[in-house]
> 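Take this structure first; my questions come after.
Just so you know, these numbers use all the heavy atoms, side chains as well, and skip hydrogens, waters and symmetry mates. Below, read A as the first sequence line, B as the second, and so on, with proteins coming before strands; counting in each chain starts at 1.
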2 protein chains.
Amino acid sequence: MDTKTRILNAAELLFADKGFSGTSLREITSIAEVNLAAVNYHFGSKKELIKALMKRYLDVLAPSLITSLSDILENTDKPSLEQVFSAFVEPLLSLNKLHENGTSNFLQLLGHSYTDSQGFLRWFITNNYPGIIDNFTAAVHKAYPELTSEDIFWRLHFTMGTAVFTMSSTEALIDIASNDFGLKLDVADVIKRIIPYVAAGVGAPIAR
Amino acid sequence: MDTKTRILNAAELLFADKGFSGTSLREITSIAEVNLAAVNYHFGSKKELIKALMKRYLDVLAPSLITSLSDILENTDKPSLEQVFSAFVEPLLSLNKLHENGTSNFLQLLGHSYTDSQGFLRWFITNNYPGIIDNFTAAVHKAYPELTSEDIFWRLHFTMGTAVFTMSSTEALIDIASNDFGLKLDVADVIKRIIPYVAAGVGAPIAR
DNA sequence: TGTCATTTTAAACGGGTGTTTGATATTAGA
DNA sequence: TCTAATATCAAACACCCGTTTAAAATGACA
């Protein structure tokens with residue numbers, strides 16, 4: 001495996017676990033078993049490394065998500081919200097083929113990108129992949145036309161919070177679930193539990 | 001104002017904004033206008049400072065939240081989920097009396113505490129304030145008896161995710177909302193928007 | 001095989017980190 | 001007023017940070 005990839009893999013592992021400002025380049029290069037200077041040689045800076053890391057996932061996820069959502073928009077007259085959210089499942093889970101724990105790692109990174117580093121990554125994401133948000137908004141609107149775009153904006157962010165937060169503590173939650181309820185769960189199970197929840201949340205009656 | 005309080009206030013401001021690992025003691029003591037060594041003198045370490053900061057809020061919030069939830073448990077035969085979640089509003093908003101932007105600051109801190117610092121704060125909270133979780137679980141059970149304790153476990157964490165994530169990016173969201181929809185919002189508005197969402201989420205039909 | 005671009009390396013750079021020290025003020029009680 | 005505890009202070013400590021440098025190793029191609 002080439003140096004660039006080894007750095008990305010190690011960075012993914014550590015960033016997902018400890019956040020961006022909580023992870024040093026020395027930890028990354030040590031785990032990747034490459035020289036410290038390799039990060040700056042191949043990526044330019046720590047910030048650029050973070051961007052490249054997100055890009056590796058978003059370049060796969062974004063088109064797949066847009067296709068999946070467009071499919072609903074074009075072929076379903078009035079989709080249910082469950083259908084809309086189910087459109088996320090396959091694209092998200094397919095990240096596991098791209099990489100071990102890909103789904104969970106990506107969602108954890110997404111979570112960190114909203115709190116860490118003064119939001120420069122949030123800017124990067126929303127400005128580079130607007131198609132996702134547009135398609136999602138359109139699909140939700142079709143499923144629940146009474147929602148204003150403002151309602152959708154808020155409920156979309158609530159939904160992101162649910163997903164991101166849950167995923168960034170999935171390991172712990174799966175542990176607890178197995179101790180307290182004697183169940184063996186994986187990421188796919190958790191995602192399937194989330195869907196009815198967020199679908200009902202987004203579909204909640206509008207209080208005015 | 002005494003040194004201890006000035007440190008806590010400055011730390012609250014900076015930690016809420018930039019996270020724990022993103023904020024240095026030198027920034028804190030500079031804004032608090034106290035000597036650098038004062039933090040270690042009064043609190044022992046940075047970690048202890050963080051704990052003291054959370055304690056300042058949790059000592060007020062926890063009893064008030066437990067009272068509010070017990071009230072529902074004792075005086076309502078079958079509360080609605082909206083009622084259960086509304087029990088959080090007054091205690092949370094009362095943090096604004098304790099401190100300017102108290103509610104928002106506290107919730108942002110809570111958000112950071114779940115991603116920063118390897119979850120030691122999550123441990124601290126769940127081990128120091130279990131009454132909240134017990135009361136909440138009981139109240140939800142009364143409102144929706146068909147939910148198994150496992151269902152409640154998951155949906156409670158989804159709900160925490162929604163709240164914590166939203167609050168830790170409230171500033172950004174309020175910014176976007178004001179740019180895109182020309183609306184001026186504050187924390188109280190956001191909280192009121194969350195309630196129907198999470199109530200519907202927790203109240204979602206059980207897929208088996 | 002020799003040349004030249006690419007990649008890797010150890011070392012250093014300047015600066016920031018949390019924490020500790022020991023001296024100096026400040027305060028409160030006898 | 002003197003004393004003893006409490007609090008503040010500048011300075012230093014040892015260490016970690018992201019980045020840069022210049023030399024050494026490696027690779028591709030003529």
> Once salt bridge (charged side-chain N to carboxylate O under 4.0 Å, His left out) is applied, do any residues pair with B:Glu90, and if so which ones, sequence neighbours excluded?
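Checked B:Glu90 against salt bridge (charged side-chain N to carboxylate O under 4.0 Å, His left out); zero matches.
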> Using the side-chain heavy atoms of B:Tyr41, tell me which of these nucleotides is nearest: C:dT19, D:dT8, D:dG18.
D:dT8
> Rounded to the Å, how far apart are B:Asp2 CG and D:dT6 P?
16 Å
> Parallel, tilted or perpendicular: which describes the rings of B:Tyr57 and B:Phe106, with under 30° parallel and over 60° perpendicular?
tilted
> Atom CG of A:Leu49 and atom C1' of D:dT19: how far apart are they, to the nearest Å?
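A:Leu49 atom CG is separated from D:dT19 atom C1' by 14 Å.
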> Give, ordered by number, those residues of residues 25-36 of chain A having at least one heavy-atom distance below 4.0 Å to an atom of DNA chain D; if nothing qualifies, reply none.
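Close to the strand are A:Leu25, A:Arg26, A:Leu36.
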> Distance check needed: C:dT17 C1' versus B:Lys18 NZ, whole Å only.
14 Å
> Nearest-Å distance, NZ (B:Lys47) to C1' (C:dT19)?
15 Å
> Respond yes when some side-chain nitrogen or oxygen of B:His42 is under 4.0 Å from OP1 or OP2 of D:dT6, and no when none is.
no
> So, is B:Thr3 close to the D:dT8 phosphate, meaning a side-chain N or O under 4.0 Å from OP1 or OP2?
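For D:dT8, OP1/OP2 do have a side-chain N/O of B:Thr3 under 4.0 Å.
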> With side chains defined as the heavy atoms from C-beta onward, is the minimum distance between A:Leu69 and A:Phe88 less than 4.5 Å?
yes
> Do B:Asn105 and B:Asn101 get their side chains close enough for a donor-acceptor pair, meaning under 3.5 Å?
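Result is no, nothing qualifies.
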> Can you measure A:Asn40 atom CG to D:dA22 atom C1' for me and round it to whole angstrom units?
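From A:Asn40 CG to D:dA22 C1': 15 Å.
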> Does C:dT17 have OP1 or OP2 sitting under 4.0 Å from an N or O in the side chain of B:Ser24?
yes
> Of A:Ala37 and B:Lys46, whose closest DNA chain C nucleotide lies nearer the 5' terminus?
A:Ala37
> Send over the distance from B:Ile7 CD1 to D:dC9 P, rounded to a whole Å.
10 Å
> Ignoring hydrogens and angles, state whether a donor on the side chain of A:Asp151 or A:Thr148 is under 3.5 Å from an acceptor on the partner side chain.
yes
> List the residues meeting salt bridge (charged side-chain N to carboxylate O under 4.0 Å, His left out) with B:Asp59, not counting sequence neighbours, and say none if there are none.
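If we apply the salt bridge (charged side-chain N to carboxylate O under 4.0 Å, His left out) test to B:Asp59, skipping adjacent residues, the hits are B:Lys55.
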> State, yes or no, whether a side-chain contact exists between B:His42 and B:Leu49 at a heavy-atom distance under 4.5 Å.
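Heavy-atom side-chain distance check fails, nothing below 4.5 Å.
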> Could you state the atom-to-atom distance from CE of A:Met1 to P of C:dT7 in whole Å?
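Distance, rounded to whole Å: 17 Å.
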